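Report on the following structure.
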Amino acid sequence: MKTCIKKLANWDNTILEKAAKARVLLLGGSAGSSRLIFDLIEQLPGDFPLPVIVIIHRSRKFKSEIEKLLDSKSALSVSLAEDKTKLRQGNVYFAPPDYHLLLEPDETFTLDYSEPVFFSRPSIDSTFVSVSDVYQDRVVAVLLSGANADGAEGLSYIQARNGIVIIQDPADAEVRTMPESAISLCKDALILTDESIFAFIKSITKE
Amino acid sequence: MSLVEERISYDELEELISWINHIHGFDFSGYSRASLKRRVTRIMDLHHLDLVDLKGILVNDYVFFEEFLVQVTVNVTEMFRDPSFFRSVKEKVMPYLSSFPRVKVWNAGCSTGEELYSFAILLKLEGLLDRSFLYGTDINPRVLEKAKAGVYPLSNMKQYSENYLHTGYSGSLADFYVAQYDAATINNELKKNTLFSVHNLVSDRAFNEFQIVSCRNVLIYFNTDLQKRVIQLFYDSLCPFGFLCLGAKESLRAFDVTGKFRSVDKYENLYQKIG
Ligand SMILES: C[S@@+](CC[C@H](N)C(=O)[O-])C[C@H]1O[C@@H](n2cnc3c(N)ncnc32)[C@H](O)[C@@H]1O
């Protein structure tokens with residue numbers, strides 16, 4: 001499916017064109033990011049052209065029902081990513097608690113129980129890097145509020161392969177550590193307010 | 001080296017895989033590539049090696065290959081990991097086991113032994129340990145050494161004890177180990193009927209008949225074809241009505257096992273051989 005970006009006056013055309021060629025949308029965040037992520041997922045249209053992968057740090061102690069809840073509210077189908085299933089448009093996949101989520105070259109998921117990264121499993125870095133290896137420059141990645149530096153390395157890896165890298169404006173973030181760490185590593189990242197993040201993502205539509 | 005540099009590409013990984021098979025007779029071709037790539041990258045970072053160095057060391061240094069094997073596979077484990085799984089084994093498997101004259105357990109991919117000793121504790125609590133035997137196997141000789149010793153950092157016991165509490169058994173995990181300085185040593189009684197040995201799920205065959213086969217968090221590292229072969233191996237290794245235990249994210253759903261296995265607990269991925 002070909003995707004295109006609705007014209008948004010104040011953005012550079014090359015970014016919009018690049019986003020139109022993307023194959024996946026990545027959302028990563030930790031403390032203070034869930035509200036924004038949930039709102040966004042609820043608002044995305046059923047024909048949103050990119051599959052969405054979400055990595056939020058959370059404790060394995062709480063069996064979360066959040067995917068089910070979101071699934072009933074969103075026009076997209078929301079679920080926990082399962083081992084060896086294929087990434088498909090029309091879906092939002094959450095990394096399951098206590099596993100890293102990796103993408104294989106054949107676009108299927110692999111769950112991985114290796115050591116936590118920044119005390120986090122799932123880690124944002126490991127998913128971002130593995131998805132970048134598969135899609136190279138056809139990735140849109142967004143990093144949000146959080147209390148540690150996970151995600152920064154993954155974002156800079158994506159940036160080095162010419163993907164689109166968006167960081168929540170620390171002024172808008174509930175916890176600034178995560179966006180600030182990423183900003184210090186990714187010199188060319190787009191630093192956007194919550195409002196602009198929404199506008200940018202929603203501007204990615206079917207042609 | 002910078003963080004963003006790709007240490008090894010997928011094409012180079014394929015070369016490395018066939019190369020390792022050629023030199024060391026180890027076949028990683030059925031492993032998930034994304035996970036392998038991440039592990040190999042980590043090894044290269046850790047030892048400051050580029051691909052040429054890595055190949056050079058692997059060909060000349062057999063001791064390093066053992067180290068490589070440990071690091072390329074994921075050996076992370078816990079006692080009573082996923083307490084709800086053990087609760088399910090307690091409720092749905094243990095009552096059934098009393099009908100078997102002997103209970104043989106195969107823990108495939110046992111890593112450093114924490115899972116196997118968790119099973120031993122369950123059997124002990126059910127009064128079945130004396131007529132049980134537990135086999136722990138893995139491809140890594142190094143983790144098996146640790147499993148045999150049954151000595152773990154005392155600091156790990158906090159998490160393990162918490163897990164144990166959630167299994168629904170009374171008492172405490174401390175009943176089953178001796179703490180000395182910063183180490184916890186598993187009681188000899190639990191080690192008595194155990195045997196740890198090397199077995200490769202990719203290339204080795206069934207070696208006994210078991211009432212329980214537990215292979216948790218190993219299949220996720222294999223591709224679907226290899227998973228299928230290994231599931232057949234487990235089927236062949238189980239006695240009639242024996243139980244298969246898989247990890248929290250591993251199920252038989254993608255495979256046609258009608259007439260072979262029935263699901264005992266679909267949330268905990270517990271199965272029973274029926275055919
Ligand atoms: C993540 S650990 C699982 C430990 C334990 N079963 C658990 O769930 O906590 C995976 C183990 O599988 C072993 N393994 C990997 N490939 C294997 C193979 N081909 N045959 C046997 N064991 C293998 C690794 O060495 C590692 O110890």
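Heavy-atom basis, side chains included; hydrogens, waters and symmetry copies ignored. Predicted model only: the values in this text are computed from it and were never measured. Chain identifiers are assigned alphabetically (A, B, ...) following the order of the sequence lines, protein sequences preceding nucleic acid strands; residue numbering begins at 1 within each chain.
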For the student: nearest non-hydrogen atoms of [X] and [Y], plus distance:
| X | Y | result |
| --- | --- | --- |
| Y157(A) | K37(B) | OH-NZ, 4.0 Å |
| S35(B) | T110(A) | CB-CG2, 4.4 Å |
| I220(B) | L111(A) | CD1-O, 3.4 Å |
| K249(B) | D83(A) | O-CB, 4.0 Å |
| Y113(A) | Y221(B) | N-OH, 2.6 Å |

Q.
Any heavy-atom pair between the side chains of S130(A) and R38(B) that's under 4.5 Å?
A. no
Interface moiety of [X] toward chain A, non-hydrogen atoms closer than 4.5 Å:
| X | value |
| --- | --- |
| A254(B) | neither |
| V76(B) | both |
| R216(B) | neither |
| F222(B) | backbone |

Q: Using non-hydrogen atoms and a 4.5 Å limit, figure out which bit of S126(A) sits close to chain B: side chain, backbone, both or neither.
A: both
Q. At a heavy-atom separation under 4.5 Å, does E104(A) approach chain B through its side chain, its backbone, both, or neither?
A. both
(Q) Quick test of your reading of the model: are R161(A) and E6(B) salt-bridged, counting only N-O distances below 4.0 Å? (A) no
With a cut-off of 6.0 Å (strictly less than), are more than 12 heavy atoms of other residues, nucleotides or ligands near [atom1] of [X]?
| X | atom1 | result |
| --- | --- | --- |
| H166(B) | NE2 | no |
| K55(B) | NZ | yes |
| K90(B) | NZ | yes |
| F255(B) | CZ | yes |

Q.
I'd like to know which of L80(A), L103(A), D133(A) tops the heavy-atom pair count under 4.5 Å against chain B.
A. D133(A)
Q | Best-contacting candidate, D98(A), L102(A), V129(A), against chain B by heavy atom pairs under 4.5 angstrom | A | L102(A)
Q: Might you work through the salt bridge (Lys or Arg N to Asp or Glu O under 4.0 Å) test for E107(A) and R33(B), ending with a clear yes or no?
A: CA-CA 11 Å; E107(A) 299 174 287; R33(B) 293 300 190 266; over 6 Å; no
Q: Among the options E250(B), R81(B), R42(B), pick out the one with the most heavy-atom pairs lying under 4.5 Å from chain A.
A: R81(B)
Q. In terms of heavy-atom pairs under 4.5 Å with chain A, which of P83(B), S9(B), S32(B), G247(B) leads?
A. S32(B)
**Q.** Any pair counted as ring pair (Phe, Tyr, Trp, His ring centres under 6.0 Å), so long as it reaches residues 69-96 of chain A, sequence neighbours left out
**A.** Y93(A)-F109(A)
Q.
Run the side chain to side chain contact (heavy atoms under 4.5 Å, CB included) test against K92(B) and tell me which residues pass, sequence neighbours left out.
A. S88(B), V264(B), D265(B)
